[in-house]
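Since the structure is predicted, the reported quantities are computational estimates derived from the model, not experimental observations. Just so you know, ligand 1 is whichever comes first in the structure, and atom 1 is the first atom listed for that ligand.
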Amino acid sequence: MGKAEVSLEHLYKVFTKPEGRDSKLAQIEEHLSDNLADFLSQHVVTDARSLEQIEKEFAQFSVPDSPQFVSEHAESLLEKLVTHSVNTYSPTFIGHMTSALPYFHLPLAKLLVGLNQNLVKIETSKAFTPLERQVLGMMHELVYGESEQFYQTYLHSAQSSLGAFCSGGTVANMTALWVARNKLFAAQDGFKGIAREGFGAALAHYGVNKVGILSSKRGHYSLSKAVDLLGLGRDQMLTVDCPTQRLSPEKALVLGKEFQQQGNKLLALVGIAGTTETGHVDPLDELADVAQELDCHFHVDAAWGGASLFSDNYRHVLKGIERADSVTLDAHKQMYVPMGAGMALFKNPEDSNAVRHHAQYILRAGSKDLGATTLEGSRNGMAMMVYASLHIFGRQGYQLLIDQSIEKAKAFAKMISDHSDFELVTSPTLALLTYRLCPAAIQEKMKSKATEQSRLNEQLDKLTVAVQKQQRESGKSFVSRTRLTVEQYPAQPITVFRVVLANPLTSLGDLTAILEEQLTIAQQTPDWRSLNQ
Ligand SMILES: *Cc1c(COP(=O)(O)O)cnc(C)c1O
(Lines give C-alpha, C1' and ligand atoms only; values in the text may rest on other atoms or scores of the structure.)
Protein backbone atom coordinates (compact mmCIF):
# COMPACT_ATOMS: atom_id res chain seq x y z
CA MET A 1 0.00 0.00 0.00
CA GLY A 2 1.30 3.43 -0.98
CA LYS A 3 1.86 6.29 1.37
CA ALA A 4 -1.00 8.71 1.98
CA GLU A 5 -0.25 12.14 0.61
CA VAL A 6 0.45 15.03 2.94
CA SER A 7 -1.95 17.42 1.26
CA LEU A 8 -5.14 19.20 2.09
CA GLU A 9 -6.70 17.48 -0.88
CA HIS A 10 -6.11 14.11 0.75
CA LEU A 11 -7.48 15.39 4.06
CA TYR A 12 -10.63 16.78 2.44
CA LYS A 13 -11.23 13.30 1.10
CA VAL A 14 -10.88 11.89 4.59
CA PHE A 15 -13.76 14.16 5.61
CA THR A 16 -15.99 13.43 2.68
CA LYS A 17 -15.38 10.28 0.79
CA PRO A 18 -14.94 6.65 1.78
CA GLU A 19 -12.09 4.81 0.10
CA GLY A 20 -14.42 2.65 -1.95
CA ARG A 21 -16.80 -0.24 -1.47
CA ASP A 22 -14.06 -2.87 -1.35
CA SER A 23 -11.82 -1.03 1.08
CA LYS A 24 -10.84 -2.70 4.34
CA LEU A 25 -13.03 -0.35 6.36
CA ALA A 26 -16.03 -1.09 4.15
CA GLN A 27 -15.40 -4.81 4.65
CA ILE A 28 -15.27 -4.38 8.41
CA GLU A 29 -18.47 -2.36 8.34
CA GLU A 30 -20.24 -4.97 6.27
CA HIS A 31 -19.12 -7.86 8.44
CA LEU A 32 -20.16 -5.97 11.58
CA SER A 33 -23.63 -5.24 10.33
CA ASP A 34 -24.05 -8.65 8.72
CA ASN A 35 -23.19 -10.78 11.69
CA LEU A 36 -21.68 -9.18 14.74
CA ALA A 37 -21.30 -12.44 16.66
CA ASP A 38 -19.38 -13.93 13.75
CA PHE A 39 -17.23 -10.82 13.46
CA LEU A 40 -16.35 -11.01 17.15
CA SER A 41 -15.63 -14.71 17.16
CA GLN A 42 -13.42 -14.27 14.12
CA HIS A 43 -11.49 -11.20 15.25
CA VAL A 44 -11.45 -11.24 19.03
CA VAL A 45 -8.94 -13.88 19.97
CA THR A 46 -8.82 -15.09 23.52
CA ASP A 47 -5.38 -16.32 24.39
CA ALA A 48 -3.38 -16.18 27.57
CA ARG A 49 -1.41 -13.12 26.44
CA SER A 50 -0.58 -10.89 29.35
CA LEU A 51 -1.35 -7.20 29.56
CA GLU A 52 2.39 -6.51 29.51
CA GLN A 53 2.67 -8.24 26.16
CA ILE A 54 -0.21 -6.24 24.76
CA GLU A 55 1.34 -3.02 26.05
CA LYS A 56 4.22 -3.65 23.64
CA GLU A 57 1.76 -3.05 20.79
CA PHE A 58 1.08 0.39 22.25
CA ALA A 59 4.60 1.44 23.15
CA GLN A 60 5.14 4.24 20.63
CA PHE A 61 4.87 7.61 22.36
CA SER A 62 5.17 10.26 19.69
CA VAL A 63 2.42 11.34 17.34
CA PRO A 64 2.95 9.79 13.90
CA ASP A 65 4.37 12.35 11.49
CA SER A 66 2.54 11.61 8.29
CA PRO A 67 -1.05 10.67 7.48
CA GLN A 68 -2.06 7.07 6.89
CA PHE A 69 -4.74 5.68 4.58
CA VAL A 70 -7.93 4.96 6.48
CA SER A 71 -8.01 1.34 5.30
CA GLU A 72 -4.43 0.75 6.24
CA HIS A 73 -5.16 2.09 9.70
CA ALA A 74 -8.31 0.00 10.02
CA GLU A 75 -6.23 -3.06 9.33
CA SER A 76 -3.82 -2.18 12.09
CA LEU A 77 -6.71 -1.58 14.52
CA LEU A 78 -8.02 -5.06 13.80
CA GLU A 79 -4.62 -6.53 14.43
CA LYS A 80 -3.57 -4.66 17.53
CA LEU A 81 -6.76 -3.65 19.23
CA VAL A 82 -9.73 -5.78 18.25
CA THR A 83 -7.80 -9.04 18.58
CA HIS A 84 -7.02 -8.37 22.22
CA SER A 85 -10.36 -6.89 23.19
CA VAL A 86 -12.74 -8.70 25.52
CA ASN A 87 -15.71 -10.44 23.97
CA THR A 88 -18.39 -9.05 26.24
CA TYR A 89 -21.00 -10.46 23.83
CA SER A 90 -20.09 -14.03 24.71
CA PRO A 91 -22.88 -15.84 26.59
CA THR A 92 -20.21 -17.31 28.89
CA PHE A 93 -18.95 -13.84 29.88
CA ILE A 94 -21.02 -13.59 33.06
CA GLY A 95 -18.75 -11.65 35.40
CA HIS A 96 -19.79 -8.06 34.88
CA MET A 97 -22.70 -5.78 34.13
CA THR A 98 -21.45 -5.17 30.58
CA SER A 99 -22.95 -7.57 28.04
CA ALA A 100 -24.23 -8.19 24.54
CA LEU A 101 -26.43 -5.47 23.05
CA PRO A 102 -29.42 -5.73 20.74
CA TYR A 103 -28.25 -5.42 17.14
CA PHE A 104 -30.16 -2.23 16.35
CA HIS A 105 -27.74 -0.18 18.42
CA LEU A 106 -25.04 -0.70 15.81
CA PRO A 107 -26.76 1.20 12.95
CA LEU A 108 -28.19 3.67 15.46
CA ALA A 109 -24.68 4.38 16.75
CA LYS A 110 -23.72 5.29 13.20
CA LEU A 111 -26.68 7.62 12.98
CA LEU A 112 -25.68 9.18 16.30
CA VAL A 113 -22.13 9.88 15.14
CA GLY A 114 -23.41 10.95 11.74
CA LEU A 115 -25.62 13.62 13.29
CA ASN A 116 -23.07 14.54 15.98
CA GLN A 117 -25.48 16.56 18.06
CA ASN A 118 -24.23 18.28 21.20
CA LEU A 119 -26.89 18.20 23.90
CA VAL A 120 -25.30 20.92 26.00
CA LYS A 121 -27.31 23.54 24.12
CA ILE A 122 -30.25 23.77 21.77
CA GLU A 123 -28.20 25.55 19.13
CA THR A 124 -26.41 22.24 18.49
CA SER A 125 -29.16 19.75 19.26
CA LYS A 126 -32.70 21.03 18.72
CA ALA A 127 -34.91 17.90 18.44
CA PHE A 128 -32.55 15.94 20.66
CA THR A 129 -33.25 18.27 23.60
CA PRO A 130 -37.00 17.55 23.81
CA LEU A 131 -36.23 13.88 23.15
CA GLU A 132 -33.84 13.71 26.09
CA ARG A 133 -36.35 15.51 28.30
CA GLN A 134 -39.00 13.02 27.25
CA VAL A 135 -36.73 10.08 28.11
CA LEU A 136 -36.07 11.60 31.54
CA GLY A 137 -39.81 12.02 31.91
CA MET A 138 -40.53 8.39 31.02
CA MET A 139 -37.97 7.15 33.52
CA HIS A 140 -39.24 9.61 36.12
CA GLU A 141 -42.75 8.28 35.64
CA LEU A 142 -41.47 4.70 35.98
CA VAL A 143 -39.89 5.57 39.34
CA TYR A 144 -42.26 8.16 40.79
CA GLY A 145 -45.52 7.69 38.88
CA GLU A 146 -46.66 11.30 39.26
CA SER A 147 -49.87 12.60 37.68
CA GLU A 148 -50.47 13.51 34.05
CA GLN A 149 -50.79 17.13 35.14
CA PHE A 150 -47.35 16.93 36.77
CA TYR A 151 -45.68 15.73 33.58
CA GLN A 152 -47.54 18.23 31.46
CA THR A 153 -46.14 20.97 33.66
CA TYR A 154 -42.56 19.75 33.95
CA LEU A 155 -41.64 17.63 30.92
CA HIS A 156 -40.47 20.56 28.80
CA SER A 157 -40.33 23.32 31.39
CA ALA A 158 -37.53 25.89 31.01
CA GLN A 159 -37.65 26.59 34.75
CA SER A 160 -36.86 23.10 36.04
CA SER A 161 -35.79 19.61 35.09
CA LEU A 162 -36.99 16.10 35.94
CA GLY A 163 -33.41 14.90 35.96
CA ALA A 164 -29.99 15.08 34.39
CA PHE A 165 -28.84 12.74 31.67
CA CYS A 166 -25.14 11.90 31.99
CA SER A 167 -22.42 9.44 31.08
CA GLY A 168 -23.15 6.95 33.84
CA GLY A 169 -23.98 6.06 37.42
CA THR A 170 -20.86 7.73 38.78
CA VAL A 171 -21.74 11.14 37.38
CA ALA A 172 -25.41 10.58 38.26
CA ASN A 173 -24.48 9.96 41.92
CA MET A 174 -22.26 13.04 41.89
CA THR A 175 -25.03 15.14 40.36
CA ALA A 176 -27.60 13.99 42.92
CA LEU A 177 -25.27 14.67 45.85
CA TRP A 178 -24.21 18.01 44.35
CA VAL A 179 -27.87 19.03 44.29
CA ALA A 180 -28.32 17.80 47.86
CA ARG A 181 -25.25 19.74 49.01
CA ASN A 182 -26.35 23.02 47.44
CA LYS A 183 -29.83 22.61 48.91
CA LEU A 184 -28.44 21.87 52.37
CA PHE A 185 -26.32 25.02 52.30
CA ALA A 186 -28.75 27.27 50.49
CA ALA A 187 -28.63 31.06 50.60
CA GLN A 188 -30.11 32.62 53.77
CA ASP A 189 -29.66 35.67 56.04
CA GLY A 190 -27.03 37.37 53.93
CA PHE A 191 -25.20 34.12 53.15
CA LYS A 192 -25.24 33.68 49.38
CA GLY A 193 -25.22 29.88 49.35
CA ILE A 194 -22.44 27.30 49.06
CA ALA A 195 -22.44 27.46 45.26
CA ARG A 196 -21.33 31.11 45.51
CA GLU A 197 -19.34 31.30 48.74
CA GLY A 198 -17.82 27.85 49.00
CA PHE A 199 -17.59 25.15 51.61
CA GLY A 200 -15.66 27.01 54.30
CA ALA A 201 -18.11 29.91 54.35
CA ALA A 202 -21.04 27.48 54.40
CA LEU A 203 -19.73 25.62 57.46
CA ALA A 204 -19.07 28.90 59.25
CA HIS A 205 -22.46 30.38 58.42
CA TYR A 206 -24.41 27.28 59.41
CA GLY A 207 -22.18 26.57 62.42
CA VAL A 208 -21.45 23.05 61.29
CA ASN A 209 -18.46 20.89 62.06
CA LYS A 210 -18.41 18.20 59.34
CA VAL A 211 -20.75 17.04 56.60
CA GLY A 212 -21.21 13.36 55.81
CA ILE A 213 -23.24 10.87 53.83
CA LEU A 214 -24.46 7.54 55.11
CA SER A 215 -24.76 4.22 53.26
CA SER A 216 -23.98 0.55 53.69
CA LYS A 217 -20.52 -0.95 53.18
CA ARG A 218 -21.82 -2.19 49.83
CA GLY A 219 -22.14 1.34 48.47
CA HIS A 220 -20.48 1.84 45.09
CA TYR A 221 -17.03 3.49 45.13
CA SER A 222 -18.46 6.36 43.11
CA LEU A 223 -20.07 7.60 46.35
CA SER A 224 -16.65 7.93 47.88
CA LYS A 225 -15.43 9.79 44.78
CA ALA A 226 -18.44 12.09 45.14
CA VAL A 227 -17.76 13.04 48.78
CA ASP A 228 -14.16 13.67 47.84
CA LEU A 229 -15.10 15.89 44.90
CA LEU A 230 -17.86 17.76 46.75
CA GLY A 231 -15.42 18.77 49.47
CA LEU A 232 -16.86 16.60 52.28
CA GLY A 233 -13.78 14.37 52.41
CA ARG A 234 -13.70 10.60 52.14
CA ASP A 235 -13.63 10.15 55.91
CA GLN A 236 -17.15 11.58 55.96
CA MET A 237 -18.47 8.65 53.92
CA LEU A 238 -20.09 6.82 56.82
CA THR A 239 -20.67 3.17 56.09
CA VAL A 240 -22.59 0.58 58.06
CA ASP A 241 -21.45 -3.05 58.15
CA CYS A 242 -23.97 -5.30 56.48
CA PRO A 243 -23.33 -9.03 56.90
CA THR A 244 -26.88 -9.59 55.59
CA GLN A 245 -25.95 -7.49 52.52
CA ARG A 246 -28.71 -4.96 53.24
CA LEU A 247 -28.44 -1.71 55.15
CA SER A 248 -30.14 -2.05 58.52
CA PRO A 249 -32.47 0.94 59.09
CA GLU A 250 -31.91 0.70 62.86
CA LYS A 251 -28.14 0.83 62.54
CA ALA A 252 -28.37 3.64 60.01
CA LEU A 253 -30.50 5.69 62.36
CA VAL A 254 -28.13 5.15 65.30
CA LEU A 255 -25.04 6.08 63.29
CA GLY A 256 -26.78 9.08 61.72
CA LYS A 257 -27.94 10.44 65.09
CA GLU A 258 -24.53 9.92 66.61
CA PHE A 259 -22.92 11.87 63.77
CA GLN A 260 -25.42 14.71 64.10
CA GLN A 261 -24.96 14.93 67.86
CA GLN A 262 -21.29 15.78 67.31
CA GLY A 263 -22.19 19.05 65.63
CA ASN A 264 -22.14 17.57 62.15
CA LYS A 265 -24.69 17.69 59.36
CA LEU A 266 -25.82 14.65 57.44
CA LEU A 267 -26.04 15.48 53.74
CA ALA A 268 -27.75 12.33 52.55
CA LEU A 269 -28.74 8.80 53.33
CA VAL A 270 -28.05 6.58 50.33
CA GLY A 271 -30.04 3.41 49.78
CA ILE A 272 -28.85 0.94 47.17
CA ALA A 273 -31.23 -0.81 44.80
CA GLY A 274 -29.02 -3.60 43.54
CA THR A 275 -25.55 -3.56 45.07
CA THR A 276 -22.67 -3.97 42.69
CA GLU A 277 -21.22 -6.91 44.57
CA THR A 278 -24.22 -9.03 45.53
CA GLY A 279 -27.26 -7.44 43.86
CA HIS A 280 -29.13 -6.91 47.13
CA VAL A 281 -31.69 -4.16 47.55
CA ASP A 282 -31.72 -2.10 50.76
CA PRO A 283 -35.07 -1.79 52.60
CA LEU A 284 -35.87 1.46 50.79
CA ASP A 285 -39.22 2.17 52.39
CA GLU A 286 -37.80 1.94 55.90
CA LEU A 287 -34.75 3.94 54.88
CA ALA A 288 -37.06 6.68 53.61
CA ASP A 289 -38.47 6.86 57.16
CA VAL A 290 -34.94 7.03 58.59
CA ALA A 291 -34.01 9.87 56.21
CA GLN A 292 -37.15 11.69 57.33
CA GLU A 293 -36.22 11.25 60.95
CA LEU A 294 -32.65 12.39 60.32
CA ASP A 295 -34.03 15.24 58.22
CA CYS A 296 -31.65 14.59 55.31
CA HIS A 297 -31.79 14.04 51.56
CA PHE A 298 -32.69 10.46 50.57
CA HIS A 299 -30.85 9.23 47.48
CA VAL A 300 -31.33 5.80 45.92
CA ASP A 301 -28.54 4.37 43.79
CA ALA A 302 -30.47 2.15 41.39
CA ALA A 303 -27.81 2.28 38.67
CA TRP A 304 -28.02 -1.46 38.07
CA GLY A 305 -31.21 -2.57 39.81
CA GLY A 306 -33.52 0.24 38.67
CA ALA A 307 -34.57 -1.57 35.52
CA SER A 308 -36.38 -4.11 37.74
CA LEU A 309 -39.12 -1.47 37.96
CA PHE A 310 -40.20 -2.54 34.47
CA SER A 311 -41.34 -5.88 35.84
CA ASP A 312 -44.67 -6.14 37.61
CA ASN A 313 -43.31 -9.33 39.15
CA TYR A 314 -40.24 -7.75 40.79
CA ARG A 315 -41.13 -4.08 41.09
CA HIS A 316 -42.15 -4.66 44.71
CA VAL A 317 -38.52 -5.44 45.64
CA LEU A 318 -37.78 -1.72 45.15
CA LYS A 319 -40.73 -0.50 47.16
CA GLY A 320 -39.95 2.88 48.70
CA ILE A 321 -37.83 4.10 45.79
CA GLU A 322 -40.67 6.49 44.95
CA ARG A 323 -39.97 8.28 48.23
CA ALA A 324 -36.36 9.09 47.26
CA ASP A 325 -35.46 12.73 46.65
CA SER A 326 -33.17 11.57 43.85
CA VAL A 327 -32.51 8.32 42.01
CA THR A 328 -29.57 7.13 39.90
CA LEU A 329 -30.26 4.90 36.90
CA ASP A 330 -27.90 3.42 34.31
CA ALA A 331 -29.52 2.51 31.01
CA HIS A 332 -26.24 0.89 29.96
CA LYS A 333 -26.74 -1.89 32.44
CA GLN A 334 -30.01 -3.84 32.55
CA MET A 335 -31.61 -1.75 29.83
CA TYR A 336 -29.16 -2.99 27.19
CA VAL A 337 -28.13 0.43 25.92
CA PRO A 338 -24.49 1.09 24.92
CA MET A 339 -22.30 2.69 27.56
CA GLY A 340 -22.69 6.37 28.29
CA ALA A 341 -26.32 6.42 29.43
CA GLY A 342 -26.75 7.40 33.08
CA MET A 343 -29.51 9.45 34.66
CA ALA A 344 -30.06 11.29 37.92
CA LEU A 345 -33.77 11.84 38.52
CA PHE A 346 -35.23 14.38 40.93
CA LYS A 347 -38.50 13.81 42.74
CA ASN A 348 -38.93 17.57 42.86
CA PRO A 349 -38.06 19.08 39.45
CA GLU A 350 -37.18 22.39 41.15
CA ASP A 351 -34.18 20.67 42.76
CA SER A 352 -32.30 20.89 39.49
CA ASN A 353 -32.09 24.65 40.04
CA ALA A 354 -29.76 24.14 42.99
CA VAL A 355 -26.96 23.58 40.46
CA ARG A 356 -28.13 25.83 37.60
CA HIS A 357 -25.38 27.73 35.81
CA HIS A 358 -25.54 30.42 33.19
CA ALA A 359 -23.07 31.65 30.60
CA GLN A 360 -23.24 34.56 28.21
CA TYR A 361 -22.91 32.73 24.91
CA ILE A 362 -25.08 29.72 25.81
CA LEU A 363 -27.17 28.54 28.75
CA ARG A 364 -28.72 32.03 28.90
CA ALA A 365 -31.31 32.61 31.60
CA GLY A 366 -34.68 31.28 30.50
CA SER A 367 -33.26 29.02 27.79
CA LYS A 368 -33.97 25.31 27.68
CA ASP A 369 -30.30 24.40 27.26
CA LEU A 370 -29.76 21.11 29.09
CA GLY A 371 -26.19 22.09 29.94
CA ALA A 372 -27.45 24.63 32.49
CA THR A 373 -28.18 21.88 35.02
CA THR A 374 -25.80 19.06 34.06
CA LEU A 375 -22.35 18.43 35.49
CA GLU A 376 -20.99 17.50 32.09
CA GLY A 377 -20.62 19.96 29.23
CA SER A 378 -20.57 18.62 25.67
CA ARG A 379 -22.58 15.41 25.52
CA ASN A 380 -23.74 13.20 22.69
CA GLY A 381 -27.30 12.11 22.04
CA MET A 382 -27.22 8.78 23.91
CA ALA A 383 -30.77 9.54 25.01
CA MET A 384 -31.76 8.48 21.49
CA MET A 385 -30.56 4.94 22.25
CA VAL A 386 -32.65 4.86 25.42
CA TYR A 387 -35.60 6.30 23.52
CA ALA A 388 -35.27 3.64 20.82
CA SER A 389 -34.93 0.84 23.36
CA LEU A 390 -37.96 2.01 25.34
CA HIS A 391 -40.01 1.80 22.14
CA ILE A 392 -38.51 -1.34 20.65
CA PHE A 393 -38.82 -3.36 23.88
CA GLY A 394 -41.64 -1.52 25.55
CA ARG A 395 -42.41 -2.03 29.19
CA GLN A 396 -43.61 -5.56 28.54
CA GLY A 397 -40.47 -6.49 26.64
CA TYR A 398 -38.28 -5.21 29.44
CA GLN A 399 -40.39 -7.13 31.93
CA LEU A 400 -39.70 -10.35 30.02
CA LEU A 401 -35.96 -9.61 29.92
CA ILE A 402 -35.77 -8.76 33.62
CA ASP A 403 -37.83 -11.78 34.61
CA GLN A 404 -35.79 -14.23 32.57
CA SER A 405 -32.51 -12.90 34.06
CA ILE A 406 -33.76 -13.28 37.60
CA GLU A 407 -35.27 -16.69 36.97
CA LYS A 408 -32.02 -17.85 35.37
CA ALA A 409 -30.08 -16.56 38.38
CA LYS A 410 -32.39 -18.55 40.65
CA ALA A 411 -31.94 -21.69 38.56
CA PHE A 412 -28.17 -21.21 38.65
CA ALA A 413 -28.30 -20.72 42.42
CA LYS A 414 -30.13 -24.03 42.76
CA MET A 415 -27.60 -25.73 40.50
CA ILE A 416 -24.82 -24.47 42.80
CA SER A 417 -26.60 -25.46 46.03
CA ASP A 418 -27.31 -28.93 44.68
CA HIS A 419 -23.69 -29.47 43.68
CA SER A 420 -21.67 -31.11 46.44
CA ASP A 421 -18.46 -29.24 45.61
CA PHE A 422 -19.90 -25.73 45.46
CA GLU A 423 -21.32 -23.42 48.10
CA LEU A 424 -23.85 -20.71 47.32
CA VAL A 425 -22.71 -17.66 49.30
CA THR A 426 -25.37 -15.05 48.52
CA SER A 427 -28.71 -15.92 46.88
CA PRO A 428 -29.99 -13.79 44.04
CA THR A 429 -32.48 -11.04 44.93
CA LEU A 430 -32.10 -9.88 41.33
CA ALA A 431 -29.89 -11.39 38.61
CA LEU A 432 -26.65 -11.43 40.62
CA LEU A 433 -25.23 -14.09 42.92
CA THR A 434 -22.00 -15.14 44.58
CA TYR A 435 -20.64 -18.59 45.34
CA ARG A 436 -17.42 -20.52 45.73
CA LEU A 437 -15.91 -23.94 45.40
CA CYS A 438 -16.12 -25.77 48.71
CA PRO A 439 -16.27 -29.56 48.87
CA ALA A 440 -19.14 -30.94 50.97
CA ALA A 441 -16.76 -32.45 53.52
CA ILE A 442 -15.15 -29.07 54.11
CA GLN A 443 -18.54 -27.41 54.47
CA GLU A 444 -19.37 -29.98 57.18
CA LYS A 445 -16.04 -29.55 58.89
CA MET A 446 -16.51 -25.78 59.10
CA LYS A 447 -19.93 -26.17 60.68
CA SER A 448 -18.78 -28.62 63.34
CA LYS A 449 -15.38 -27.12 64.12
CA ALA A 450 -15.61 -23.37 64.39
CA THR A 451 -11.92 -23.22 65.28
CA GLU A 452 -11.03 -24.58 61.84
CA GLN A 453 -13.15 -22.01 60.04
CA SER A 454 -10.64 -19.26 59.63
CA ARG A 455 -7.83 -21.49 58.36
CA LEU A 456 -10.12 -23.29 55.91
CA ASN A 457 -11.59 -20.04 54.66
CA GLU A 458 -8.14 -18.75 53.91
CA GLN A 459 -7.36 -21.88 51.94
CA LEU A 460 -10.65 -21.59 50.07
CA ASP A 461 -9.88 -17.95 49.28
CA LYS A 462 -6.64 -18.98 47.64
CA LEU A 463 -8.45 -21.64 45.66
CA THR A 464 -11.10 -19.19 44.44
CA VAL A 465 -8.48 -16.69 43.30
CA ALA A 466 -6.47 -19.37 41.50
CA VAL A 467 -9.51 -20.81 39.70
CA GLN A 468 -10.91 -17.41 38.74
CA LYS A 469 -7.59 -16.31 37.23
CA GLN A 470 -7.02 -19.53 35.37
CA GLN A 471 -10.56 -19.56 33.98
CA ARG A 472 -10.22 -15.96 32.79
CA GLU A 473 -6.87 -16.66 31.18
CA SER A 474 -7.98 -19.75 29.32
CA GLY A 475 -10.62 -17.51 27.78
CA LYS A 476 -13.65 -19.79 27.37
CA SER A 477 -15.64 -18.09 30.07
CA PHE A 478 -15.41 -15.30 32.58
CA VAL A 479 -16.71 -15.02 36.13
CA SER A 480 -15.55 -12.15 38.36
CA ARG A 481 -14.58 -12.31 42.00
CA THR A 482 -14.92 -10.13 45.08
CA ARG A 483 -14.37 -10.23 48.84
CA LEU A 484 -17.30 -10.06 51.21
CA THR A 485 -18.25 -10.47 54.83
CA VAL A 486 -21.30 -12.72 54.92
CA GLU A 487 -23.68 -13.98 57.59
CA GLN A 488 -22.39 -17.56 57.47
CA TYR A 489 -18.80 -16.51 58.27
CA PRO A 490 -19.03 -13.27 60.25
CA ALA A 491 -15.46 -13.44 61.54
CA GLN A 492 -13.63 -12.67 58.30
CA PRO A 493 -14.32 -11.60 54.72
CA ILE A 494 -14.21 -14.43 52.17
CA THR A 495 -13.37 -14.45 48.47
CA VAL A 496 -16.21 -15.47 46.18
CA PHE A 497 -17.06 -15.84 42.51
CA ARG A 498 -19.49 -13.18 41.35
CA VAL A 499 -21.93 -13.78 38.53
CA VAL A 500 -24.11 -11.20 36.81
CA LEU A 501 -26.65 -12.75 34.46
CA ALA A 502 -26.76 -9.90 31.98
CA ASN A 503 -26.82 -11.60 28.60
CA PRO A 504 -30.28 -12.93 27.66
CA LEU A 505 -28.57 -15.49 25.43
CA THR A 506 -26.73 -17.22 28.28
CA SER A 507 -28.26 -20.70 28.63
CA LEU A 508 -28.44 -23.09 31.57
CA GLY A 509 -26.13 -25.32 29.53
CA ASP A 510 -23.54 -22.50 29.46
CA LEU A 511 -23.84 -22.22 33.23
CA THR A 512 -23.40 -25.96 33.78
CA ALA A 513 -20.30 -25.87 31.60
CA ILE A 514 -18.88 -22.98 33.64
CA LEU A 515 -19.23 -24.95 36.88
CA GLU A 516 -17.66 -28.01 35.29
CA GLU A 517 -14.75 -25.97 34.01
CA GLN A 518 -14.20 -24.46 37.46
CA LEU A 519 -14.21 -27.87 39.09
CA THR A 520 -11.75 -29.25 36.55
CA ILE A 521 -9.42 -26.30 37.06
CA ALA A 522 -9.72 -26.59 40.84
CA GLN A 523 -8.86 -30.28 40.88
CA GLN A 524 -5.51 -29.48 39.29
CA THR A 525 -4.47 -26.99 41.94
CA PRO A 526 -2.33 -27.74 45.00
CA ASP A 527 -4.94 -25.87 47.09
CA TRP A 528 -7.56 -28.47 46.20
CA ARG A 529 -5.27 -31.33 47.06
CA SER A 530 -4.36 -29.91 50.44
CA LEU A 531 -8.00 -29.13 51.23
CA ASN A 532 -9.06 -32.67 50.45
CA GLN A 533 -6.34 -34.38 52.44
C1 LIG B 1 -22.45 0.60 37.96
C2 LIG B 1 -22.83 1.27 39.19
C3 LIG B 1 -22.42 2.58 39.48
C4 LIG B 1 -21.48 3.34 38.58
O5 LIG B 1 -21.99 3.54 37.34
P6 LIG B 1 -21.05 3.85 36.08
O7 LIG B 1 -22.02 3.85 34.97
O8 LIG B 1 -20.04 2.75 36.02
O9 LIG B 1 -20.41 5.16 36.30
C10 LIG B 1 -22.86 3.16 40.65
N11 LIG B 1 -23.66 2.50 41.49
C12 LIG B 1 -24.06 1.24 41.26
C13 LIG B 1 -24.95 0.56 42.25
C14 LIG B 1 -23.67 0.58 40.09
O15 LIG B 1 -24.08 -0.68 39.86
Nearest protein heavy atom to [atom], by residue and atom, and its distance?
atom	answer
atom 6 (P) of ligand 1	G169 N, 3.3 Å
atom 15 (O) of ligand 1	K333 NZ, 3.0 Å
atom 13 (C) of ligand 1	D301 OD2, 3.4 Å
atom 9 (O) of ligand 1	T170 OG1, 2.6 Å

Show which atoms of ligand 1 fall inside a sub-4.0 Å distance from at least one heavy-atom site of [X].
X	result
G168	7 (O), 9 (O)
S222	10 (C)
T276	12 (C), 13 (C), 14 (C), 15 (O)
G274	13 (C)
H332	7 (O)

[X]-[Y] side chain donor-acceptor pair, cut-off 3.5 Å:
X	Y	result
T98	H96	no
E517	S477	yes
T275	E277	no
S352	S160	no
T464	D461	no

Ligand 1 contact on D330 by region, counting heavy-atom pairs under 4.0 Å: side chain
Considering all heavy atoms, the nearest L269-L287 contact: CD2-O, 3.3 Å
Geometric class of the H140/F150 ring pair [parallel <30°, tilted 30-60°, perpendicular >60°]: parallel
Shortest heavy-atom approach to atom 10 (C) of ligand 1 - which of H220, H96, K225: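 Nearest heavy atom to atom 10 (C) of ligand 1 lies in H220.
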Ring centres under 6.0 angstrom apart (H105, Y336):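 Between Y336 and H105, which both carry aromatic rings, the centre distance is not below 6.0 Å.
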Whether G342 lies under 4.0 Å from ligand 1, heavy atom: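 Distance cut 4.0 Å: G342 fails for ligand 1.
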